[in-house]
Amino acid sequence: MLQQTPGRVTVRRGAAAAAGAAVAVLLALGAGVLAGWAPQVRLDDALSSALYAGDDRSALHDALLEVLTTPGVTWFRVVVCLPVLFWLGARRAWRTAGWVVTANVLVAPLTTLLKEAVGRVRPAFEDGGASYDTLSFPSGHSSGIATLVTLGLVLAWPRLSPARRRLALAGGLALAVLVGVTRMWLGVHFLSDVVGGWALGVAWTLLVAMAYDALPGGRGALPPREGR
């Protein structure tokens, strides 16, 4: 049995606290949507109107926004993770591969279930806005990119130097923010949809990592890079 070292216990407690905080944010925002809490609704409406790029944007502008929002879609996550899974398979790191697949694949249906439970419609604009048949809370692109970033950070953390950890964290946060903001630029989500999606992705990925013992120091984590 793997020894519960103080460092490993600290990592698990930190991950549990982060997941708990993310779940609390998700539940609070969802309750606000369901109750129509006025301050949240006003902020959502104001930011949605302020950030929306408009129906008269050029085709080039629209194409750029669609490219920038792509990292949040399921097929992008699958393409990014496939080489990682092959590499893990070559190392026979089956537990690690299992948590990567579970976190990556199941976040989309989980997001859909929450959308159906909350039932929030997309933002509406005077000239029509984007036409989406699906519901709005939480944002699937935001939960998807938060899952991908959290997964990548947890997976790579033991093999990165302190300087590269800071760079990876900053880059991951920037990518998640970019994808979230593009959802509002495109006029298809409110701020609380985006933040709720981020919270869902972080909480889900950390909880799955804990279930697979894949946090740094666990049986499903990658070992530190040799020579460090």
Side-chain angles (χ1 to χ4, degrees), residues 15-34 40 44 47-48 51 65-82 84 99-123 130 132-155 168-169 171-212 214-215:
V23 169
V25 169
L26 177 64
L27 292 177
L29 291 174
V33 171
L34 287 171
Q40 181 176 335
D44 276 344
L47 281 178
S48 178
L51 292 176
L65 291 179
E66 291 292 348
V67 169
L68 293 176
T69 204
T70 296
V73 301
T74 300
W75 69 259
F76 184 92
R77 297 197 309 275
V78 171
V79 169
V80 168
C81 287
L82 274 178
V84 177
W99 92 263
V100 169
V101 171
T102 302
N104 207 23
V105 171
L106 295 186
V107 68
L110 177 60
T111 303
T112 299
L113 286 175
L114 288 174
K115 284 178 182 286
E116 295 295 334
V118 176
R120 187 184 209 180
V121 297
R122 302 270 182 172
Y132 280 69
D133 294 330
T134 55
L135 296 168
S136 195
F137 181 91
S139 163
H141 281 69
S142 298
S143 65
I145 192 59
T147 295
L148 182 62
V149 168
T150 306
L151 191 156
L153 288 172
V154 172
L155 187 65
L169 182 59
L173 289 173
L175 181 60
V177 169
L178 177 62
V179 170
V181 172
T182 59
R183 305 313 290 161
M184 291 183 283
W185 282 338
L186 285 165
V188 296
H189 278 295
F190 297 104
L191 175 64
S192 56
D193 301 336
V194 170
V195 177
W198 288 336
L200 172 60
V202 170
W204 167 249
T205 308
L206 290 177
L207 290 172
V208 175
M210 293 174 67
Y212 277 85
L215 295 172

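Residues take their numbers from the sequence shown, with the count starting at 1.
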Asks: Which heavy atom in Val154 sits nearest to a heavy atom in Ala214, and how many Å separate them?
Replies: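 Where Val154 meets Ala214 most closely, the heavy atoms are CG1-O, 3.8 Å.
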Asks: Nearest 0.5 Å, what's the CG-OG distance between Leu114 and Ser143?
Replies: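 Those atoms lie 9.0 Å apart.
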Asks: Check whether any side-chain heavy atom of Val100 lies under 4.5 Å from a side-chain heavy atom of Leu151, and answer yes or no.
Replies: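 Contact flag for Val100/Leu151 side chains = yes.
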Asks: Under 4.5 Å between any side-chain heavy atoms of Leu135 and Val118, yes or no?
Replies: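 Not touching, per the 4.5 Å side-chain cut-off.
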Asks: Looking at Leu65, is its backbone amide N or carbonyl O close enough to the side chain of Thr69 to form a donor-acceptor pair, meaning the two atoms are under 3.5 Å apart?
Replies: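 Judged by distance alone, no pair lies under 3.5 Å.
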Asks: Restricting to non-hydrogen atoms, name the atom on Leu148 and the atom on Cys81 that form the minimum distance, rounded to 0.1 Å.
Replies: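 That closest heavy-atom pairing would be CD1-SG, 4.1 Å.
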Asks: Keeping to residues at least two apart or across chains, list the salt bridge (Lys or Arg N to Asp or Glu O under 4.0 Å) pairs with something in residues 176-204.
Replies: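 The answer is Arg120-Asp193.
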Asks: List the atom of Pro138, the atom of Leu200, and the distance in Å for their closest heavy-atom pair.
Replies: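 Closest pair (atom of Pro138, atom of Leu200, distance): CG-CD2, 4.0 Å.
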Asks: Who passes side chain to side chain contact (heavy atoms under 4.5 Å, CB included) against Val105, sequence neighbours left out?
Replies: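 Val105 satisfies side chain to side chain contact (heavy atoms under 4.5 Å, CB included) with Val101 once adjacent residues are dropped.
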Asks: Nearest 0.5 Å, please: how far is OG in Ser139 from CE in Met184?
Replies: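 Going from the CE atom of Met184 to the OG atom of Ser139 covers 9.0 Å.
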Asks: Nearest 0.5 Å, please: how far is CG in Leu51 from OG1 in Thr182?
Replies: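 Here the rounded value is 11.0 Å.
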Asks: First locate atom CH2 of Trp198, then atom OG1 of Thr150, and finally report the distance between them rounded to the nearest 0.5 Å.
Replies: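 Spacing of CH2 (Trp198) from OG1 (Thr150) equals 12.0 Å.
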Asks: Mind checking what makes side chain to side chain contact (heavy atoms under 4.5 Å, CB included) contact with Ala174, not counting sequence neighbours?
Replies: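 Side chain to side chain contact (heavy atoms under 4.5 Å, CB included) list for Ala174, sorted by chain: empty.
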Asks: Looking only at non-hydrogen atoms, find the nearest pair between Ala15 and Leu206 and report the distance.
Replies: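 Answer, listing the atom of Ala15 first, then Leu206: O-CD1, 3.8 Å.
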Asks: Please identify each residue that fulfils salt bridge (Lys or Arg N to Asp or Glu O under 4.0 Å) with Arg77, with sequence neighbours left out.
Replies: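 Testing Arg77 for salt bridge (Lys or Arg N to Asp or Glu O under 4.0 Å), a comparison that skips the adjacent residues, returns none.
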Asks: Using the side-chain contact (heavy atoms from CB on, under 4.5 Å) rule, take Gln40 and Leu191 through it: C-alpha gap first, then chi angles, then the decisive distance, then the call.
Replies: CA-CA 9 Å; Gln40 181 176 335; Leu191 175 64; over 6 Å; no
Asks: About how many Å separate CG of Leu155 and OG1 of Thr205, when rounded to the nearest 0.5 Å?
Replies: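 Going from OG1 on Thr205 over to CG on Leu155, the span is 11.5 Å.
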Asks: Would you please name every residue forming a side chain to side chain donor-acceptor pair (under 3.5 Å) with Thr134, sequence neighbours left out?
Replies: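 For Thr134 the side chain to side chain donor-acceptor pair (under 3.5 Å) partners, ignoring immediate neighbours, are Arg122.
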Asks: To the nearest 0.5 angstrom, please state how far the OG1 atom of Thr111 sits from the CZ atom of Phe137.
Replies: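 Interatomic distance, Thr111 OG1 to Phe137 CZ, rounded to 0.5 Å: 10.5 Å.
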Asks: Show me the donor-acceptor pairs within less than 3.5 Å that the side chains of residues 22-31 make with the rest of the protein, sequence neighbours left out.
Replies:
none

Asks: Minimum heavy-atom separation for Ala203 and Ala19, please, with both atom names.
Replies: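 Nearest heavy atoms, Ala203 then Ala19: CB-O, 3.8 Å.
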Asks: Can a donor-acceptor pair be found, under 3.5 Å and without considering hydrogens, that links the side chain of His189 to the backbone of Ser136?
Replies: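 Checked: pair present.
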Asks: Where do Trp204 and Leu110 come nearest, in terms of heavy atoms and distance?
Replies: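 So the minimum-distance heavy-atom pair works out to CE3-CD2, 3.7 Å.
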